[in-house]
Amino acid sequence: MSAIVLSLVYLQIQYLTDILRILEVEGLMWVSTMEVSKQALSQHLNSLPSHLFLVLFEQVIQKIRDKNRSKELAPKWASVADNFSSVWIADASTLEAIKKHLGQLISGIKSDSYIYRYSHD
């Protein structure tokens, strides 16, 4: 059970179905592969004492924080790290592709309506 809790938090696995799939295909941490039903996992998680879950959760969060602190930053990022706790980077290539496609659609509509207007006059 602790391997599942640790995997949820430390490996940042979002869904229990992903935990079940990984457990069945690869195994989790020190636990070898096994098949577990959703119902069994749900029952085990519900029976897990909350204070035990809290202790595991806090230890994993502390480990993640320590790991993130120990990473070396490139000198050019030092001033950013002093002012911000995190930096989010987004890839806008999909947005640009949609914008380009939308522009083509709009120009196509304009040209079609121009052709339609003048062909029916």
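Taken from CG in Leu56 to NE2 in His51, the straight-line distance is 10.0 Å, to the nearest 0.5 Å. The structure places NE2 of His44 at 8.5 Å from OG of Ser37, a figure rounded to the nearest 0.5 Å. Going from atom CG of Leu54 over to atom OG of Ser50 covers 7.5 Å, rounded to the nearest 0.5 Å. Atoms CD and CG, from Gln39 and Leu41 in turn, are 11.0 Å apart once rounded to the nearest 0.5 Å.
Residue pairs meeting the salt bridge (charged side-chain N to carboxylate O under 4.0 Å, His left out) criterion with at least one partner in residues 30-59, sequence neighbours excluded, do not occur; the list is empty.
Placement of Met34 and Ile4 within a single hydrophobic cluster is found when ILVMFWY residues are connected by side-chain heavy-atom separations under 4.5 Å, directly or transitively.
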Atom pairs and distances, donor-acceptor, side-chain atoms in residues 13-33, under 3.5 Å, two or more places apart:
none

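For Gln62, the side-chain hydrogen bond (donor to acceptor under 3.5 Å, both in side chains) partners are Asp66, not counting sequence neighbours.
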